[in-house]
Protein chains: 4
Amino acid sequence: MEFSDNKAIYLQIIEYVHENILAGKWHADERVPSVRDLAVELQVNPNTVMRAYDQLQAGEILYNKRGIGLHVSADAMTLITAKNREIFLNRELPAFFRKMDLLQISPEEIMRLHKLRSED
Amino acid sequence: MEFSDNKAIYLQIIEYVHENILAGKWHADERVPSVRDLAVELQVNPNTVMRAYDQLQAGEILYNKRGIGLHVSADAMTLITAKNREIFLNRELPAFFRKMDLLQISPEEIMRLHKLRSED
Amino acid sequence: MEFSDNKAIYLQIIEYVHENILAGKWHADERVPSVRDLAVELQVNPNTVMRAYDQLQAGEILYNKRGIGLHVSADAMTLITAKNREIFLNRELPAFFRKMDLLQISPEEIMRLHKLRSED
Amino acid sequence: MEFSDNKAIYLQIIEYVHENILAGKWHADERVPSVRDLAVELQVNPNTVMRAYDQLQAGEILYNKRGIGLHVSADAMTLITAKNREIFLNRELPAFFRKMDLLQISPEEIMRLHKLRSED
DNA sequence: GTGGTCTAGACCACC
DNA sequence: GTGGTCTAGACCACA
């Protein structure tokens, strides 16, 4: 996996976990890779993975079985989609619409580009 | 003017200049506020303004008349809009579409929300 | 390293980096000295080194691995030589020819002097 | 006349005077334009013209007839060409040859480009 | 007055 | 440890 430079790596790892759960690769109550393993896999400092896992626990996406490891919460998928949708609809979408206005790009143009992309 | 915390001040100053030019407040070949004046106005260190002006010169949005001051380039407006559109279409739009897919939000839904907003 | 007085130090640092890359002392994807280290080595304020590194990143000569350090781009060497040639051919050479005309120095004379030099 | 940004204007005015003399537009012992007139013509601050004229007097290119104005020295042309040649041969040419080596541009290539230019 | 460069020193998020 | 941002204050050449 490659990381973008303009975003903290631990945040990109959080998104990576989100996507794995949403995509159904990591199931509810399944054990997630250990900090060490994921650090090796992503070629990243273990502290960085730790930080991402910490935050995921705080957000109740992951939970800890003592001595065994971190696991995917039962409602992880629901939580992630709910939070993502909330941010998308209330924060990103308005900004997106404002930018469309500013650049004088019509909704029809957006639709056209979206269709184009789907055909690829 | 107020600055957001999660973005470098000098970047916000660049946007401030962009907006003034796009809004037609600062015309082509017109002198922009001196480093010191803008620093006082924005309550910021002159070096910070300088840094913004530096980049604006590098991007050919501003040009220097020696000993007189910085001025708005003839094609500043064109450059700014072109760059904005380019970033929007090549960087933000693909990310936006990806997110739509992930959250399973259909283009029709987007259109509906856009229409709703317009009616406010 | 010594700095000339009639040229900004940060520009001389940029050239210093260019030379190290062209000379093969700093290889592609290799980490360059940290801002602080180079500042100590060159006996210069870290901000001054930062300014040079900034521009080198903007020109894609260096890239950043977050928290680890700046590294030489894969195509740094190509970029540097291409830019150098471009400046030489489009800016310096025309000025050189103009001066030859002005001083009425013939191309043959230039050739003679070049040959002389090679024999030293 | 247009002035380049990356060189002090007063230096560009000096060159302007040099060229006028070399081109035979301003003859020996002829009166040169007054500071005020030249300032108007070049659209420049009179102080800036003054500075150029000062330096030209110091270099004995111009001399002052009290109450009348500045005049071109009898040996202005000789002085200018001698000085220009000296700088060109001892300073610029070696730098030029060094750069040719560095960029691996052969003398033959230079000759070819010079010929090309003459044909324009 | 103008832009431009440099230093010294502080603070930050991130790895 | 890394880069990055900001401030305060000094100094310079140029117009």
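In what follows, chains are A, B, ... by sequence order, proteins preceding strands, each numbered from 1.
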Within the 4.0 Å heavy-atom criterion, would you say [X] contacts the bases, only the backbone, or no part of the nucleic acid?
{"X": "D:Q12", "answer": "nothing"}
{"X": "C:Y53", "answer": "nothing"}
{"X": "B:Q43", "answer": "nothing"}
{"X": "B:N64", "answer": "sugar-phosphate"}

If I take atom [atom1] in residue [X] and atom [atom2] in nucleotide [N], what distance separates them, rounded to the nearest angstrom?
{"X": "C:K65", "N": "F:dG3", "atom1": "NZ", "atom2": "C1'", "result": "15 Å"}
{"X": "B:N45", "N": "F:dT7", "atom1": "CG", "atom2": "C1'", "result": "5 Å"}
{"X": "B:H71", "N": "E:dG3", "atom1": "NE2", "atom2": "C1'", "result": "11 Å"}
{"X": "A:D54", "N": "E:dC14", "atom1": "CG", "atom2": "P", "result": "14 Å"}
{"X": "B:I68", "N": "F:dA13", "atom1": "CD1", "atom2": "C1'", "result": "15 Å"}
{"X": "C:L56", "N": "F:dG3", "atom1": "CG", "atom2": "C1'", "result": "14 Å"}
{"X": "A:L42", "N": "E:dC15", "atom1": "CG", "atom2": "C1'", "result": "14 Å"}
{"X": "C:N6", "N": "F:dC11", "atom1": "CG", "atom2": "P", "result": "21 Å"}

>> Can you confirm whether or not the ring centre of D:Y10 sits under 6.0 Å from the ring centre of D:F3?
In response: no
To the side chain of [X], which of [options] is closest?
{"X": "A:Y10", "options": "F:dG3, E:dC14, F:dA8", "result": "E:dC14"}
{"X": "C:V35", "options": "E:dT5, F:dG3, F:dA15", "result": "F:dG3"}
{"X": "C:M50", "options": "E:dT2, E:dC15, F:dT5", "result": "F:dT5"}
{"X": "B:I9", "options": "F:dC14, F:dC6, E:dT7", "result": "F:dC6"}
{"X": "C:T48", "options": "E:dC6, F:dA15, F:dG3", "result": "E:dC6"}
{"X": "C:R36", "options": "F:dT2, E:dC15, F:dA15", "result": "F:dT2"}

> On DNA chain E, nearest-nucleotide positions of C:P46 versus A:A8: which is more 5'?
Replying inline: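 Of the two residues, C:P46 wins.
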> Quick one: on DNA chain E, does B:G69 or A:L11 contact a more 5' nucleotide (nearest heavy atom)?
Replying inline: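 Checking each residue's closest nucleotide, the 5'-ward one belongs to B:G69.
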Look at the side chain of [X] and the backbone N and O of [Y], then say whether any donor-acceptor pair between them is shorter than 3.5 Å.
{"X": "A:T81", "Y": "A:M77", "result": "yes"}
{"X": "B:R31", "Y": "B:L70", "result": "no"}
{"X": "A:R36", "Y": "A:P46", "result": "no"}
{"X": "C:Q12", "Y": "C:K7", "result": "yes"}

> Going by an N to O cut-off under 4.0 Å, is there a salt bridge joining B:K65 and B:D29?
Replying inline: no
> Within a strict 4.5 Å, meaning less than it, do heavy atoms of the A:H71 and A:I68 side chains meet?
Replying inline: yes
>> Is any side-chain heavy atom of C:Y63 closer than 4.5 Å to one of C:V72?
In response: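 No; the side chains remain at least 4.5 Å from each other.
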Quick one: does [X] reach the base of [N] with a side-chain donor-acceptor pair under 3.5 Å?
{"X": "B:R66", "N": "E:dG3", "result": "no"}
{"X": "B:R51", "N": "F:dG4", "result": "no"}
{"X": "D:N47", "N": "F:dA15", "result": "no"}

> How do B:V44 and D:K7 order along DNA chain F: which one's closest nucleotide is nearer the 5' end?
Replying inline: B:V44
>> Reading 5' to 3' and counting Watson-Crick or G-U wobble pairs with both distances under 3.5 Å, write the dot-bracket notation for DNA chain E, | for bases paired outside the strand.
In response: ||||||||||||||.
> Within the pair B:Q57 and E:dG3, is there a side-chain N or O less than 4.0 Å away from OP1 or OP2?
Replying inline: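 No, B:Q57 has no side-chain N/O under 4.0 Å of OP1/OP2 on E:dG3.
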> OP1 or OP2 of F:dT2 sitting under 4.0 Å from any side-chain N/O of C:S34?
Replying inline: yes
> In terms of the angle between their ring planes, are A:W26 and A:Y16 parallel, tilted or perpendicular, with boundaries placed at 30° and 60°?
Replying inline: perpendicular
